[in-house]
**Q** 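Structure provided below as structure tokens; questions to follow.
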Amino acid sequence: MRLGYACINLSLPTKFKTCRLATFYQRGPSIIKELSVHNLQNVLAALEWNRSHNILFYRMSTGIVPLGSHEKMTWDWWNDEDILQLTKQIKKYKDKYNMRLSMHPGQFTLLNTPKEDVLERSIADLEYHDKLLQLVGGTDMIIHGGGEYGNLDLAKARFIENYKKLSSSIKRKLRLENDDRTYTLSDVIDIYKESSIPICFDIHHHNCNNPDQPIELLLDHVFTSWDKVGIPKVHISSGKEHINDRRHHDYVFEKDFLSLLSVLKDKDVDIMVEAKMKELAVLKIQKEVYKKL
DNA sequence: ACAGGTCAAGGATAC
DNA sequence: GTATCCTTGACCTGT
């Protein structure tokens, strides 16, 4: 089992950089390159920090190449020598230490939108994430179901139809996560049955949004969805003020982590910790929970 | 140096 | 139909 955290490492001094469209228009592709190089150096620094703290799972920020999937972007960053040199270094490093790398396109990347232009931009965004993951040897791209659009069944059907149109490289990496208001774990399983998309189980979202189905039966489907793919990927966080508070707590409570372990039984999974205190929350779990096992 | 408003995105909701 | 909120962290402008 590998534990990981998302994007930001609070222990490191440098931050990720981004820019506004206006800045890109003023300064052109060179500013994007400058920021992308900076961001990739940050990723490498995070992986090095992770290795020295025994953290072998990491989610890369979606904004590594600022405006990387924007329709106005004119720079082929995936062919740039300096970018390739850095991504190669990252890939080599993560292979050496058997790390898992993932990305999570944002809430505005929607496979089931009824709007043609929104779908087009969403697919462009998936292509951006796919290209970057290919370069660094990342394996997982997590998205949510999307909106309900007044009819959940139609929205699910649209997801399945649009999923079929994606490139095989994207399909190899795409995973569908249950969310905390619209797509329950059982909705996500419905989509899996028609599309074979592996399911990323988020236990906090499940606590916020579930129609009282027994978790054991649902998890059977979750695990089956990964059978030919790899080690399942699971998310955990604690509610800020109560168990079904959608906001994330700074850390993960020990009891929440133990209750995840108990529903997972002995299944080998990689766990992404989604807590405000990022890598510090992972260290806390390692310290508190691992010594008990 | 710092505060606070802005950006980027699409959907949901209230009016 | 329109406005506002949701969410996020860094940008960016004004002081």
Side-chain angles (χ1 to χ4, degrees), chain A residues 5-28 30-43 45-46 59-74 102-129 141-156 158-159 162 176-184 187 202 204-205 208-209 235 237 239-241 244-250 272-281:
Chain A
Y5 62 95
C7 311
I8 292 169
N9 181 307
L10 300 170
S11 306
L12 291 172
T14 54
K15 295 180 171 182
F16 288 105
K17 293 183 179 183
T18 183
C19 70
R20 298 284 183 271
L21 270 173
T23 308
F24 169 62
Y25 294 145
Q26 281 163 28
R27 300 186 51 183
S30 71
I31 183 62
I32 306 294
K33 172 160 175 172
E34 188 184 317
L35 300 174
S36 304
V37 166
H38 168 90
N39 291 339
L40 286 169
Q41 285 166 343
N42 258 18
V43 169
R59 178 193 298 167
M60 298 198 299
S61 163
T62 216
I64 286 171
V65 179
L67 305 168
S69 68
H70 200 280
E71 56 191 342
K72 294 281 163 43
M73 181 50 56
T74 50
S102 68
M103 291 185 89
H104 193 344
Q107 60 182 308
F108 303 111
T109 302
L110 299 157
L111 254 195
N112 66 350
T113 174
K115 296 176 187 167
E116 199 66 39
D117 56 329
V118 175
L119 179 63
E120 217 171 276
R121 284 194 289 273
S122 295
I123 291 175
D125 197 47
L126 293 179
E127 281 165 355
Y128 154 73
H129 285 87
M141 192 171 4
I142 288 82
I143 59 166
H144 290 290
E148 186 171 348
Y149 310 96
N151 184 326
L152 194 58
D153 289 333
L154 287 179
K156 284 179 184 172
R158 231 173 10 248
F159 185 104
N162 291 332
L176 178 58
E177 178 188 349
N178 59 307
D179 68 69
D180 55 12
R181 44 172 91 224
T182 312
Y183 289 80
T184 64
D187 291 324
D202 186 310
H204 182 208
H205 290 165
C208 297
N209 181 24
H235 289 179
S237 47
K240 192 177 173 124
E241 284 171 14
N244 53 3
D245 187 340
R246 295 205 308 268
R247 298 168 302 169
H248 290 184
H249 195 88
D250 285 351
M272 177 58 60
V273 174
E274 296 184 318
K276 297 282 181 200
M277 294 306 280
K278 303 292 179 181
E279 84 285 359
L280 301 177

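Being a predicted model, the structure only gives us computed values, none of them experimental.
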**Q** Rounded to whole Å, please give me the gap between CD in A:Glu34 and C1' in C:dA10.
**A** 15 Å

**Q** Taking donor-acceptor contacts at under 3.5 Å, does the side chain of A:Arg20 reach the base of C:dA10?
**A** yes

**Q** May I ask you to evaluate whether A:Lys15 reaches the phosphate of C:dC11, defined as a side-chain N or O under 4.0 Å from OP1 or OP2?
**A** no

**Q** Once you apply a heavy-atom cut-off of 4.0 Å, does A:Arg121 come out as touching a base, just sugar-phosphate, or nothing?
**A** sugar-phosphate

**Q** Which value, rounded to the nearest 0.5 Å, describes the distance between A:Leu154 atom CG and A:Tyr149 atom OH?
**A** 12.5 Å

**Q** Would A:Glu274 and A:His204 count as a side-chain hydrogen bond (donor to acceptor under 3.5 Å, both in side chains) if you check the C-alpha gap in whole Å, the side-chain angles of each, and the deciding distance to 0.1 Å?
**A** CA-CA 10 Å; A:Glu274 296 184 318; A:His204 182 208; over 6 Å; no

**Q** Calculate the interatomic distance between A:Asp117 atom CG and B:dG10 atom P; express it in whole Å.
**A** 8 Å

**Q** Rounded to the Å, how far apart are A:Leu110 CG and C:dT7 C1'?
**A** 14 Å

**Q** Are more than 12 heavy atoms, taken from residues, nucleotides or ligands other than A:Arg247, located less than 6.0 Å from that residue's CZ atom?
**A** yes

**Q** Take the protein atom NZ of A:Lys240 and the nucleotide atom C1' of C:dT8, then report the distance between them rounded to whole Å.
**A** 14 Å

**Q** Run through A:Asn9, A:Leu12, A:Val273 and flag the one making a side-chain contact (heavy atoms from CB on, under 4.5 Å) with A:Glu279.
**A** A:Asn9

**Q** Start at the 5' end of DNA chain C and walk down; is the nucleotide closest to A:Thr23 or to A:Ile8 reached first?
**A** A:Ile8

**Q** What's the CG-C1' distance between A:Leu111 and B:dG10, to the nearest Å?
**A** 14 Å

**Q** In sequence, state the C-alpha distance, the side-chain angles, and the governing distance for A:Asp187 and A:Thr184, and then conclude on side-chain hydrogen bond (donor to acceptor under 3.5 Å, both in side chains).
**A** CA-CA 5 Å; A:Asp187 291 324; A:Thr184 64; 3.1 Å; yes

**Q** Side chain of A:Thr18 only, please: which of B:dA12, C:dC11, B:dG10 is the nearest?
**A** C:dC11

**Q** To the nearest Å, how far apart are A:Asp179 CG and B:dG10 C1'?
**A** 14 Å

**Q** Between A:Arg247 and A:Lys17, name the one whose nearest nucleotide on DNA chain C is closer to the 5' end.
**A** A:Arg247

**Q** If you look at every strand shown and take non-hydrogen atoms under 4.0 Å, does A:Thr113 touch a base, only sugar-phosphate, or nothing?
**A** sugar-phosphate

**Q** With a 4.0 Å cut-off on heavy atoms, is A:Gly106 in touch with a base, just the backbone sugar-phosphate, or nothing at all?
**A** nothing

**Q** What nucleic acid atoms does A:Leu21 come within less than 4.0 Å of, heavy atoms only: base, sugar-phosphate, or nothing?
**A** sugar-phosphate

**Q** Starting at CZ of A:Phe16 and ending at C1' of B:dA8, how long is that distance when rounded to a whole Å?
**A** 18 Å

**Q** CG of A:Leu67 versus P of B:dA8: gap in Å, rounded?
**A** 8 Å

**Q** So does A:Lys115 get a side-chain nitrogen or oxygen closer than 4.0 Å to the phosphate oxygens (OP1/OP2) of B:dG11?
**A** yes

